[in-house]
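Only one structure is covered here, and it is reproduced in the block below.
Side-chain atoms are counted along with the backbone in the values below, which use heavy atoms only and exclude waters and symmetry mates. Just so it is clear, the model here is predicted, and its values are computed rather than measured.
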Amino acid sequence: MRTMFFTQAVDNALAQAMSDDSRIVLIGEDILLLRRNLLVRFGPRRVRGTPISESAFLGVGVAAAMAGLRPVVEFYMVDFLAVCMDALLNHAAKVEAFSGGKWTAPVVVRAPCGGGYGDGGQHEQSLWGWLAHIPGLTVIVPSTPADAGGLMLAALQHDGPTIFLEHKLLSETWLEFLGSGARHTVKFDIPAEGAKGVVPKKWEPVPIGKAVLRRAGGDVTIVGVGVGVHRALEAAHILESEGISVSVLDLRTVSPLDKTAICESAAQTGRLLVVDEDYECFGLSGELSAVVLEAGIPCKYARVCTQTTIPYARPMEDRILPNKQRICASVRQLMQ
């Protein structure tokens, strides 16, 4: 076993996969700088920089996938998918269905997501609920380096379009590149266990659509992804001193959902709290309530989500995003 940072683990899994499969290519804006370790190892034919045109380079990635390559298309942040959504929504997500299975688009879209570092509402969204809403897209949101590497390997082996989201608070590369700059007075609440951790000596794919229980408890189930999992674990530690036993379920993938794990845990505790950094309305938190209700499981339900546009001011941002104080307050209400 070895220890790696989050982004280091993703890049290491990519390197292993690129060594095994010559069809894997990386493309994106400034990727020659961001993935220079992979550029040095695999050369400019397989690590290719692009102009600042998301529509162009995502379109290239979708077409290359249909033609037989396994492209990884990298974005500065998930927010910028808004300018090239046609390639995902109307092409990559639908080509297999419209061709009767004759065509597929095995493209991996890699993008940082999430807030907590002071970059405002146009750069700190999560959007996994929006993306998972589209049939045909797989959406992955790992919370640890081990899962990040294993899920990237699984994404590269998947035969359809996959969105691979890495939270910026877990990514040493993106925090350095986007978050710090010259703002020495700005501090980030970085979950240590998510930013760095033990990873396997050789990468194996982590099953897509399989949740993992991070903490077992009998009173309340908290479900989340990414940094939300770590906020839930922080809250669970506080609540333990109050005599409240909390289960924390890490979904790892938003689409497909591990409905079995969700229902089993909710049935066991009878209380479900969803921690979701994405927008509250019409998103993941509501979908999880529907999953439990449709299964006929009686339970008390609450959610801690982002409810409005994320403000630029750091103190205001910290109050808007899910945090351990909001999570603890919601759990205490569920216990009444």
Side-chain angles (χ1 to χ4, degrees), residues 7-32 34-50 53-76 78 81 84 86-99 101-112 131 134-142 147-166 200 202-209 252-256:
T7 300
Q8 182 186 10
V10 179
D11 288 354
N12 191 258
L14 264 173
Q16 177 183 305
M18 292 175 76
S19 295
D20 294 339
D21 190 344
S22 61
R23 299 173 299 169
I24 299 173
V25 296
L26 312 184
I27 60 175
E29 176 190 346
D30 281 345
I31 203 167
L32 302 180
L34 293 169
R35 307 297 160 224
R36 55 191 176 274
N37 53 335
L38 297 173
L39 170 65
V40 169
R41 181 169 176 181
F42 296 102
R45 286 182 60 83
R46 296 184 66 190
V47 182
R48 305 180 70 93
T50 67
S53 176
E54 288 83 1
S55 293
F57 62 75
L58 182 56
V60 165
V62 173
M66 292 176 65
L69 293 181
R70 293 270 172 166
V72 178
V73 182
E74 186 157 343
F75 283 74
Y76 262 109
V78 70
L81 278 174
C84 57
D86 181 59
L88 276 179
L89 173 65
N90 289 322
H91 300 285
K94 295 178 173 61
V95 65
E96 183 175 4
F98 283 177
S99 69
K102 294 179 181 178
W103 290 85
T104 58
V107 58
V108 177
V109 175
R110 179 182 182 184
L131 294 163
I134 302 167
L137 295 185
T138 294
V139 181
I140 292 171
V141 192
D147 279 351
L151 284 165
M152 173 54 79
L153 201 61
L156 291 166
Q157 296 174 4
H158 183 56
D159 284 330
T162 302
I163 315 296
F164 185 94
L165 300 178
E166 47 194 297
K202 177 178 170 56
W203 292 105
E204 298 291 341
V206 170
I208 292 173
R252 301 198 286 192
T253 59
V254 178
S255 179

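We find the CZ-NE2 distance between F98 and H91 to be 10.0 Å, quoted to the nearest 0.5 Å. Within the model, atoms CD1 of I31 and CG of L38 stand 8.0 Å from one another, a figure rounded to the nearest 0.5 Å. Distance check: F75 CZ to L165 CG gives 11.5 Å after rounding to the nearest 0.5 Å. One distance of note links OG1 of T162 with CD1 of I208; it measures 5.5 Å at 0.5 Å rounding. Atom CZ of R23 sits about 8.5 Å away from atom CG of L69, to the nearest 0.5 Å.
Residues P142 and L151 approach most closely at CB-CD1, 3.9 Å, considering heavy atoms. Heavy-atom minimum distance, V10 versus M152: CG1-CE, 3.8 Å. Here the closest heavy-atom approach between residue A13 and residue G149 is recorded as CB-O, 3.3 Å. Considering every non-hydrogen atom in both A92 and P161, the closest pair reads O-CG, 3.5 Å. When all heavy atoms of A93 and I134 are compared, the closest pair comes out as CB-CG2, 3.8 Å.
In this structure, R252 and I140 have side chains that are not in contact, with every pair of non-hydrogen atoms separated by 4.5 Å or more. R46 is not listed as a side-chain neighbour of L26, based on a closest heavy-atom distance of 4.5 Å or more. Residues L156 and L14 meet the side-chain proximity criterion, which asks for heavy atoms closer than 4.5 Å. Counting heavy atoms from C-beta on, the side chains of L153 and V206 never come closer than 4.5 Å. Residues E96 and K102 have side chains not in contact (no heavy-atom distance under 4.5 Å, counting atoms from C-beta outward). Looking only at side-chain heavy atoms (C-beta outward), L81 and L58 come within less than 4.5 Å of each other. Counting only heavy atoms from C-beta outward, the side chains of V25 and V47 never approach each other to under 4.5 Å. Taking the side chain as every heavy atom from C-beta outward, C84 and F57 never approach each other to under 4.5 Å.
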(request) Would you please test Q157 and R70 for side chain to side chain contact (heavy atoms under 4.5 Å, CB included) and show each step? (result) CA-CA 9 Å; Q157 296 174 4; R70 293 270 172 166; 5.5 Å; no
(request) Mind running side chain to side chain contact (heavy atoms under 4.5 Å, CB included) on V72 and V109 for me, showing each step along the way? (result) CA-CA 6 Å; V72 178; V109 175; over 6 Å; no
(request) Report the C-alpha separation of T138 and F164 in whole Å, then their side-chain angles, then the decisive distance to 0.1 Å, and conclude whether the side chain to side chain contact (heavy atoms under 4.5 Å, CB included) test is met. (result) CA-CA 8 Å; T138 294; F164 185 94; over 6 Å; no
(request) Start with the C-alpha distance between M66 and V95, add both sets of side-chain angles, then the distance that settles side chain to side chain contact (heavy atoms under 4.5 Å, CB included), and finish with yes or no. (result) CA-CA 9 Å; M66 292 176 65; V95 65; 3.6 Å; yes
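Partner of D11 under the salt bridge (charged side-chain N to carboxylate O under 4.0 Å, His left out) criterion, out of R41, R36, R35: R35 alone.
Environment of CZ in R48: sparse, with no more than 12 heavy atoms of neighbouring residues, nucleotides or ligands closer than 6.0 Å.
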